Amino acid sequence: MSAFSDVELLQDFLTEAGDLLEDVDSKLVELEQSPEDAELLATVFRGFHTIKGGAGFLEASHLVELCHKTENLFDKLRARTLTLTAEMMDSILAATGEVHRMFGEMRNGQQPTAAPAELLDALDAAIEGRAVAHAPVQVAVAAPTQPAAPVPVVTVSAEDDLDWAGLYEAVVGQPPRELAQAALSTAMATEAIAKQAEAAVRPKAQPKAKAASPAAAAANKENTIRVDTARFDQILNLSGEIGLTKNRLNCLFQAISLGTPSEEMIKSLDTVVGQLDMLVSDLQSAVMKARMQPVGRVFQKYSRLARDVARQLGKDVELVIEGAETEVDKSILEELNDPLVHLVRNAVDHGIETIADRTACGKNPKGIVNLSARQTGDHIVIEIQDDGRGMKPEVIREKAVEKGLITAEEASQLNVQDSLQLIFLPGFSTKDQISDISGRGVGMDVVKTNIQRLNGRIEIESNPGEGSRITILLPLTLAILPVLMLKLEEQIYSLPLSAVREIIPIEEDKVQYVGGKPTMVVRGEVLPLLDLATLIGRPTSPGPKVGVLAISGNRACILAVDTLVGQDEVMIKPLDGVKPKGVAGATLSGEGLLVLVLELRELLEGKL
């Protein structure tokens with residue numbers, strides 16, 4: 001049996017070699033700017049040598065051949081017997097592109113096929129010092145990403161339209177046994193759920209997993225994460241302390257159950273419960289830190305992307321990366337890739353001018369695109385800024401009207417910021433000709449959709465002739481969400497705390513009607529008053545209400561609810577396949593009741 005059939009060995013190789021290849025790509029872009037840098041030459045040489053060694057053990061002969069030729073070329077570059085040229089760099093980058101392709105075939109359980117003959121010939125010519133007439137393969141540019149497949153959404157129109165059994169099963173992994181499909185009222189659902197929650201959330205013995213195929217192993221690659229040993233040790237220590245505290249609780253429980261608890265025993269119980277609360281909070285924090293990954297793991301890919309796009313367009317562009325060490329939850333990091341690909345590509349394609357145009361304007365012929373990340377409070381801020389031509393609001397409005405996305409009357413009422421936001425409309429593009437880089441009008445639409453799916457927001461600033469800056473604000477993690485718990489009749493719902501600004505009483509004499517719609521004045525600002533029960537399709541209950549001043553994007557409103565329960569931090573679970581409109585996910589309350597986490601943006605769609 002060949003080493004290629006060893007699933008664990010293949011997965012380890014693809015993980016380590018993939019990271020190594022990403023680093024090689026980044027170093028190659030640096031090397032093009034500093035072709036005499038001996039350390040960069042040595043680093044790239046070692047990268048190809050290491051990949052070749054692993055590929056040889058897996059008997060991937062075509063991958064070995066390609067890496068061997070590239071390694072030989074860098075051996076001569078290190079020895080100064082050859083000088084790096086732009087055409088030679090095209091061949092080298094084409095080789096790394098082929099290595100990426102071969103890795104993809106290996107993830108599918110296949111031996112990689114050979115690289116194109118013209119590429120191998122170009123590498124041989126470079127090694128022998130012969131000129132390469134043209135780039136052996138087309139410069140690789142990330143293809144436009146299509147919008148993600150929509151999650152099935154169930155529109156809520158009445159109380160009984162919610163599939164409570166499906167929602168509960170999505171959260172705890174099994175259906176509530178006592179919940180009849182014919183009687184799915186909120187009261188019955190929560191009552192049945194309360195009886196079963198404790199048993200339902202206990203871990204169950206899992207069947208022994210079957211041996212995975214190489215393709216399955218490759219699919220699991222994205223589900224792995226590297227954890228610093230110090231962080232892992234902290235998790236183990238906290239787990240041990242929680243175990244000791246649990247034993248102490250058991251002893252106290254037994255003592256209390258045998259007779260009337262004394263005052264000293266009650267104090268001990270209170271102390272131990274407080275210790276357990278602190279330990280669980282510390283463990284939760286440690287686990288979240290273990291999920292955090294530096295954004296540089298994603299950012300380093302874009303130096304190559306910016307270089308490829310610029311070379312294809314005949315531009316001179318440098319991508320400057322700042323804050324690569326900033327950490328963010330791995331689940332968010334993976335979802336950031338597509339939006340950032342579009343934004344970096346657009347900055348080079350739409351933002352940066354040609355060398356001739358920049359020279360004519362008195363600018364440096366080399367355009368600069370800054371990609372930076374920083375942490376601000378419990379959010380991460382990512383900025384993509386270029387020193388290019390900037391965006392003209394009037395041109396954007398004209399294009400939107402020309403493409404039938406808005407009417408001329410609507411365009412005339414838009415301010416500068418609203419005009420810039422038009423670039424996120426599906427089908428919007430300033431290009432008249434479609435190319436393999438842009439012009440289809442799907443890129444920025446995908447960017448906004450993906451960012452909103454991560455509970456983030458995106459902002460634009462632009463000055464004609466000076467450049468543009470796009471700012472993305474995202475939560476550090478999606479796993480634990482601070483929420484405001486509230487009640488509509490007997491059912492508990494929650495709103496992300498980041499969307500809540502303040503709580504205000506709703507008094508009938510302070511409600512004003514504008515255009516037949518209720519509003520309230522808060523510190524001089526007239527805000528729409530919306531009944532949350534109506535928004536989610538539930539009957540409105542009579543009686544006094546409490547107002548939640550909430551923010552969605554750059555708009556504010558007051559949500560009327562029955563009562564407030566308080567603040568909490570919940571583990572939010574997605575509801576793939578049974579997701580009602582206006583619901584981001586679900587969780588269980590401390591009493592075992594199902595709590596829906598509301599998605600304010602969807603709820604307010606078309607209401608403000």
Side-chain angles (χ1 to χ4, degrees), residues 18-19 22-23 25-27 29-30 33 142 145 222 225-228 231 285 288-310 317-352 367-388 420 424 443-444 446-462 467-482 496 498 553:
D19 289 343
E22 293 291 352
D23 186 55
D25 267 337
S26 177
K27 291 295 189 291
V29 177
E30 293 180 35
Q33 304 296 324
T145 305
E222 295 302 322
I225 188 170
R226 294 184 179 184
V227 181
D228 184 89
R231 288 181 175 177
S285 175
M288 287 303 101
K289 287 180 180 178
R291 289 174 55 89
M292 306 295 273
Q293 300 287 293
V295 295
R297 294 188 60 182
V298 170
F299 282 11
Q300 67 178 357
K301 304 175 183 178
Y302 304 131
S303 296
R304 165 75 185 271
L305 172 65
R307 182 264 180 200
D308 285 354
V309 175
V317 180
E318 180 182 356
L319 180 69
V320 178
I321 295 176
E322 300 175 358
E325 70 285 353
T326 305
E327 292 188 328
V328 67
D329 191 294
K330 181 177 183 289
S331 60
I332 293 179
L333 195 62
E334 292 170 351
E335 295 296 327
L336 273 177
N337 183 60
D338 277 359
L340 291 181
V341 164
H342 286 298
L343 292 175
V344 171
R345 187 173 57 208
N346 280 4
V348 177
D349 181 19
H350 295 273
I352 301 297
I368 301 295
V369 176
N370 282 88
L371 177 59
S372 64
R374 66 180 186 274
Q375 182 178 339
T376 303
D378 60 351
H379 279 69
I380 181 174
V381 180
I382 297 175
E383 291 183 347
I384 300 91
Q385 183 173 5
D386 66 73
D387 64 348
L420 294 177
F424 294 115
M444 297 304 285
V446 170
V447 168
K448 187 169 185 178
T449 300
N450 287 6
I451 296 303
Q452 288 178 336
R453 192 164 62 238
L454 293 171
N455 294 331
R457 69 179 190 269
I458 186 167
E459 301 171 352
I460 307 177
E461 297 176 42
S462 188
S468 303
R469 177 168 60 195
I470 294 181
T471 304
I472 297 172
L473 294 95
L474 294 165
L476 283 177
T477 178
L478 295 180
I480 296 179
L481 186 69
S498 60

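Keep in mind it's a predicted model, so treat the numbers as computed, not measured.
- For Q293, the side-chain contact (heavy atoms from CB on, under 4.5 Å) partners two or more places apart in sequence, or in a different chain, are I225, R297, K330, L333.
- Of all the heavy atoms in N450 and D338, the pair that sits closest is ND2-CB, 3.8 Å.
- Applying the side-chain contact (heavy atoms from CB on, under 4.5 Å) criterion to E322, with sequence neighbours excluded, gives V320, N370, S372.
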| task | Let me see the working for T471 and I458 under side chain to side chain contact (heavy atoms under 4.5 Å, CB included), right down to the final yes or no. | result | CA-CA 6 Å; T471 304; I458 186 167; over 6 Å; no
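- In this structure, the side-chain contact (heavy atoms from CB on, under 4.5 Å) partners of D23, at least two apart in sequence or on a different chain, are K27, T43, Q300.
- Contact record, K448 with F424: CD-CB, 3.6 Å, taken as the closest heavy-atom pair.
- Side-chain atoms of D386 never come within 3.5 Å of backbone atoms of G467 as a donor-acceptor pair (strictly under, hydrogens ignored).
- Pairing each heavy atom of I352 with each of D387, the nearest pair is CD1-OD1, 3.4 Å.
- Panel note: side chain T326, backbone A373; a donor-acceptor pair is recorded below 3.5 Å.
- Atom CD1 in I451 sits 10.5 Å away from atom CD1 in I470 (nearest 0.5 Å).
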| task | Test side chain to side chain contact (heavy atoms under 4.5 Å, CB included) on H342 and V446 and set out the steps. | result | CA-CA 9 Å; H342 286 298; V446 170; 4.2 Å; yes
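- In plain terms, the two heavy atoms of A306 and V344 that are nearest each other are CB-CG1, 4.2 Å.
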| said: Assess the residue pair M444 and N346 against the criterion (side chain to side chain contact (heavy atoms under 4.5 Å, CB included)); give the C-alpha distance rounded to whole Å, side-chain angles, the decisive distance to 0.1 Å, and a yes or no. | reply: CA-CA 9 Å; M444 297 304 285; N346 280 4; 3.1 Å; yes
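- Taking all atoms of both residues into account, the shortest heavy-atom contact from I460 to L420 is CD1-O, 3.6 Å.
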| message | side chain to side chain contact (heavy atoms under 4.5 Å, CB included) for L305 and L319? Distances and angles first, verdict last. | response | CA-CA 9 Å; L305 172 65; L319 180 69; over 6 Å; no
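- Going from atom CD of Q385 over to atom OG of S468 covers 9.0 Å, rounded to the nearest 0.5 Å.
- Atoms CD1 and CG, from I380 and L473 in turn, are 10.0 Å apart once rounded to the nearest 0.5 Å.
- The OG atom of S462 sits 10.5 Å away from atom CZ of R469, with the distance rounded to the nearest 0.5 Å.
- Among V29, I321, N337, the one residue that satisfies the side-chain contact (heavy atoms from CB on, under 4.5 Å) test with Y302 is N337.
- Side chain of R231 to main chain of K289: a donor-acceptor pair is present (N/O by atom type, distance under 3.5 Å, no hydrogens or angles).
- We find that R307 and E318 are not joined by a salt bridge, their nearest charged nitrogen and carboxylate oxygen being 4.0 Å or further apart.
- Taken from CG in L474 to CD in Q375, the straight-line distance is 12.5 Å, to the nearest 0.5 Å.
- Here the CG atom belonging to L343 is positioned 5.0 Å from the CD1 atom belonging to I472, to the nearest 0.5 angstrom.
- Closest non-hydrogen pair, P294 versus E325, comes out as CB-O, 4.1 Å.
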